K.L.:
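Just passing along the structure, written as structure tokens.
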There are 2 protein chains.
Amino acid sequence: MSLLTQTLDDDRLDETFAALANPTRRAILARLAHGEANVNELAAPFDLTLPAISKHIKVLEHARLVRRTAHAQYRPCSLDATRLEAVASWVDQYRPVWEARLDRLDEYVGQLQPKRQQEKGPRHG
Amino acid sequence: MSLLTQTLDDDRLDETFAALANPTRRAILARLAHGEANVNELAAPFDLTLPAISKHIKVLEHARLVRRTAHAQYRPCSLDATRLEAVASWVDQYRPVWEARLDRLDEYVGQLQPKRQQEKGPRHG
DNA sequence: CAGTTATTTAACTGAATAGGAAACTACACG
DNA sequence: CGTGTAGTTTCCTATTCAGTTAAATAACTG
């Protein structure tokens with residue numbers, strides 16, 4: 001799959017990235033990586049009201065970054081890493097770009113050999 | 001670095017994820033992965049006005065996902081993969097979670113050995 | 001059933017986003 | 001200098017977002 005077609009199958013990537021674009025939500029994910037937690041537990045470290053946390057969780061849930069169950073009046077959350085894996089594979093498409101430090105994937109794609117970096121030269125004349 | 005401290009150094013991750021949470025901007029990045037391009041070239045595939053694209057580029061530039069230069073009246077953009085690398089390493093923190101399919105990093109952190117996967121068993125009672 | 005705990009919903013506010021239209025800047029070219 | 005080309009800025013609109021308070025729902029507990 002080329003980087004040009006990548007746009008076609010970014011099914012839910014908008015939603016995923018939008019969910020990740022918030023420090024509270026990333027912190028919630030980090031916490032859930034250590035095991036499931038209910039809403040009050042998740043809210044504890046933050047200077048936010050419970051409804052605010054509840055909404056953040058809803059965003060994460062809707063983005064399928066967390067799964068929820070229900071035990072009595074508790075609604076524990078757990079991490080669902082599937083979408084994180086999707087993020088990883090999206091960003092991994094660009095890995096050659098930063099690894100080669102070429103900033104041109106073309107050259108990487110076309111010719112895998114290291115081959116002298118081939119400066120394009122400044123062409124501002 | 002543990003997943004709990006990860007929150008502390010997510011310097012510009014908000015901005016980065018927010019910039020990536022848009023299909024037009026991701027498509028622009030994809031295009032730039034093939035080499036630099038100016039604004040009109042970047043705008044061509046989209047059903048958006050030039051100012052709209054210009055603003056998307058500004059978002060990407062501010063998020064340091066693209067770099068810009070100036071040749072005459074052209075302002076070519078090129079991909080800067082540094083922040084993508086940051087995204088990759090952020091998401092890679094979670095790799096053990098989806099690779100082990102445990103949904104509990106604790107167990108991974110505690111005992112790295114493969115050691116028979118140790119099913120926790122269903123505990124919904 | 002009354003009360004307590006856990007969580008959500010509703011209603012509202014202020015700020016940020018995405019987009020368009022129109023006007024503006026900057027440069028090249030003749 | 002005037003015109004075309006490349007791109008940005010300004011202004012405006014509609015939508016979404018993050019947060020609040022207050023009220024509602026849900027389930028356990030005595």
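The structure displayed is predicted, hence computed values, not measured ones. Proteins get letters first, then strands, A, B, ... in listed order; numbering begins at 1 in each.
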K.L.:
Give the rounded distance in Å between these two atoms: CD1 of Ile57(B) and C1' of dA6(D).
P.N.:
11 Å
K.L.:
Rounded to whole Å, how long is the line connecting atom CG of Leu48(A) with atom C1' of dT21(D)?
P.N.:
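To the nearest whole Å, that distance equals 14 Å.
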K.L.:
Here's a test of your reading of the structure: between Pro51(A) and Ala18(A), which maps to the more 5' nucleotide of DNA chain D?
P.N.:
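Taking each residue's closest nucleotide, the earlier one in sequence belongs to Ala18(A).
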K.L.:
What integer distance in Å separates Glu61(A):CD from dT7(C):P?
P.N.:
13 Å
K.L.:
Rounded to whole Å, please give me the gap between CZ in Phe46(B) and P in dA18(C).
P.N.:
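So the CZ-P distance, Phe46(B) to dA18(C), works out to 14 Å.
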K.L.:
Give Ile53(B) one of three labels, base, sugar-phosphate or nothing, depending on what nucleic acid heavy atoms sit under 4.0 Å from its own.
P.N.:
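Nothing: the residue Ile53(B), judged by heavy atoms under 4.0 Å, touches no strand.
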K.L.:
dG20(C), dT8(C), dT9(D): which one has an atom nearest the side-chain heavy atoms of Val39(A)?
P.N.:
dT8(C)
K.L.:
Spell out, as yes or no, whether a donor-acceptor pair under 3.5 Å connects the side chain of Glu15(A) to the backbone of Arg12(A).
P.N.:
no
K.L.:
May I ask you to evaluate whether His71(A) reaches the phosphate of dA27(D), defined as a side-chain N or O under 4.0 Å from OP1 or OP2?
P.N.:
no
K.L.:
Let me know the distance between CG of Leu20(B) and P of dT17(C), rounded to the nearest Å.
P.N.:
14 Å
K.L.:
Can you see if the side chain of His56(B) gets near the phosphate of dT17(C) - specifically, an N or O under 4.0 Å from OP1 or OP2?
P.N.:
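It does not, given that no N or O in the side chain of His56(B) lies less than 4.0 Å from OP1 or OP2 of dT17(C).
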K.L.:
Could you tell me whether the phosphate oxygens of dT7(C), OP1 or OP2, come under 4.0 Å of any side-chain nitrogen or oxygen in Asn40(A)?
P.N.:
yes
K.L.:
Thinking salt bridges, do Asp80(A) and Arg67(A) make one under a 4.0 Å N-O criterion?
P.N.:
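Salt bridge flag = yes for Arg67(A) with Asp80(A).
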K.L.:
For Tyr74(A) and dA6(C), what is the distance between atoms OH and P respectively, to the nearest whole Å?
P.N.:
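Between P of dA6(C) and OH of Tyr74(A): 5 Å.
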K.L.:
Taking Arg95(A) first and then Asp92(B), would you say they form a salt bridge - that is, a charged N and a carboxylate O separated by under 4.0 Å?
P.N.:
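Looking at Arg95(A) and Asp92(B), the cut-off is met.
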K.L.:
Taking only the side-chain nitrogens and oxygens of Arg75(B), find out if one of them lies under 4.0 Å from OP1 or OP2 of dA26(C).
P.N.:
no
K.L.:
Report yes if at least one side-chain N or O of Asn22(A) is closer than 4.0 Å to OP1 or OP2 of dC17(D); otherwise report no.
P.N.:
no
K.L.:
As a test of reading the structure: which of dG19(C), dA6(D), dT7(C) is closest to the side chain of Arg68(A), going by heavy atoms?
P.N.:
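Out of dG19(C), dA6(D), dT7(C), the nucleotide with an atom closest to Arg68(A)'s side chain is dT7(C).
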K.L.:
Asp14(B) CG to dC17(D) C1': how many Å, rounded?
P.N.:
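Whole-Å distance recorded here is 13 Å.
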K.L.:
Give me each pair satisfying side-chain hydrogen bond (donor to acceptor under 3.5 Å, both in side chains) with a member in residues 45-58 of chain B, each pair once, sequence neighbours excluded.
P.N.:
Arg25(B)-His56(B)
K.L.:
By nearest heavy atom, map Gln73(B) and Val59(B) onto DNA chain C; which one lands nearer the 5' end?
P.N.:
Val59(B)
K.L.:
What's the CD-C1' distance between Glu36(B) and dA6(D), to the nearest Å?
P.N.:
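Rounded to whole Å, this separation is 15 Å.
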K.L.:
Can you spot which of Ile57(A), Leu60(A), Ile28(A) makes a side chain to side chain contact (heavy atoms under 4.5 Å, CB included) with Leu65(A)?
P.N.:
Leu60(A)
K.L.:
Closer than 3.5 angstrom, by distance alone: can the side chain of Tyr94(A) be matched with the main-chain N or O of Glu85(B) as a donor-acceptor pair?
P.N.:
no
K.L.:
Tell me which of Lys55(B) and Glu41(B) sits closer to the 5' end of DNA chain D, going by the nucleotide each one is nearest to.
P.N.:
Glu41(B)
K.L.:
Of the nucleotides dA18(C), dT20(D), dT8(D), which one has an atom closest to the side chain of Ser54(B)?
P.N.:
dT8(D)
K.L.:
Whether Thr49(A) contacts dT20(D) is assessed here as follows: a side-chain N or O lying under 4.0 Å from the phosphate OP1 or OP2. Is that the case?
P.N.:
yes
K.L.:
Ignoring hydrogens and angles, does a donor from either the side chain of Lys58(B) or the base of dG7(D) sit under 3.5 Å from an acceptor on the other?
P.N.:
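Such a pair does not exist between side chain and base.
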